[in-house]
Amino acid sequence: MQPQDGTWRAAWEAAAGAGRLVGRNLADLLLPPLAHDAPEATAGAGLSARAWSRVSFLEDPVCDGCGAAFEMDGGDFASERCAACLARPYAFARARAACVYDEASRGLILRFKHGDHQPYAPLFARWISRAAAPLLAETDAIVPVPLHPLRLLSRRFNQSAEIARPLARLARRDYLPDALVRLSHTASQGGKSARGRRLNVRKAFAVTEAGARRVRGRRILLVDDVLTTGATAEGCARALLDAGARCVHLAVIARVRTTREPPT
């Protein structure tokens, strides 16, 4: 075997990888990983069985435009979009959420978002990779919703970026953490009406000069934590489209059951 042909290196890496796997399995046997939400052992790093059973994961059929669950499968001739998305489509083309934002998921997300509970990030990334698989198949690059520098300073991390990074690694897609910036330090969206949320983030986002070169002509997956009215995602999507993105999809950990009603 010639050292230049690389065969020895591949064999060494395979053996090293097998050794690491054995070591990790042995460590898990002696010191089983703990659940993120409770001091109890789990088969793998994740939630306890009780917390897992309470999360309302979203399964097909869902609206292709906003990810909302349909009450029933309408069959082959049913519309892929809810009435609200047919009447007033979002700026983003398609959306998916891993679960419903309710009492069960809210505590997990807030613990991650405000409690600096970082182990949740790769867990949420795996949830999104499953729920947004159809979108990831059409994605060239992944962009997180940005925080304003002052908000980032107080929170110390961007929760959307912490999810988007491992998601990009799982999906083997380009990760563009600095493509979008938040120009204005807007007030929190919590407690605002749908119109108030839209006004709050109007012109709040922009694509950087370097980001414009990397998003132009490409299919972008925008990642955020929660979808409520969609105002923040709309602001980001419009900025990306104005910068030349071919299309923008949205993926989130959770969404409220109903983000909006169709116009009457």
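One-based numbering along the sequence shown. Computation of the quantities below employed the complete heavy-atom set of this structure, encompassing side-chain atoms and omitting hydrogens, waters and symmetry-equivalent molecules.
When each of Leu221, Leu222, Thr139, Val215 is checked for a side-chain contact (heavy atoms from CB on, under 4.5 Å) with Val248, only Leu222 meets the rule.
A continuous path of ILVMFWY side-chain contacts below 4.5 Å connects Leu123 to Val55, so both sit in one hydrophobic cluster.
Cys66 and Cys82 make their closest contact through SG-SG, 3.9 Å (heavy atoms, listed as atom of the first residue, atom of the second, distance). Nearest heavy atoms, Val143 versus Ala179: CG2-CB, 4.2 Å. Contact record, Ser56 with Asp102: OG-OD2, 3.4 Å, taken as the closest heavy-atom pair. Closest approach of Leu136 to Arg173, counting heavy atoms only: O-NH2, 3.0 Å. Of all heavy-atom pairs between Asp225 and Ser160, the closest is N-OG, 3.9 Å. When all heavy atoms are compared, the tightest approach of Val207 to Ala239 is CG2-O, 3.4 Å.
The stretch residues 206-222 participates, sequence neighbours left out, in these side chain to side chain donor-acceptor pair (under 3.5 Å) pairs: Asp140-Arg219, Asp174-Arg218.
In terms of the side chain to side chain contact (heavy atoms under 4.5 Å, CB included) criterion, residue partners of Ala164 (sequence neighbours excluded) are, by chain and number, Ile142, Pro144, Tyr175, Val223. With sequence neighbours excluded, the residues that form a ring-ring contact (aromatic ring centres under 6.0 Å, His included) with Phe92 are Tyr90.
Here the side chain of Asn158 pairs a donor or acceptor atom with the backbone of Val145 at under 3.5 angstrom.
A salt bridge links Arg130 with Glu59; the closest basic N to acidic carboxylate O contact falls under 4.0 Å.
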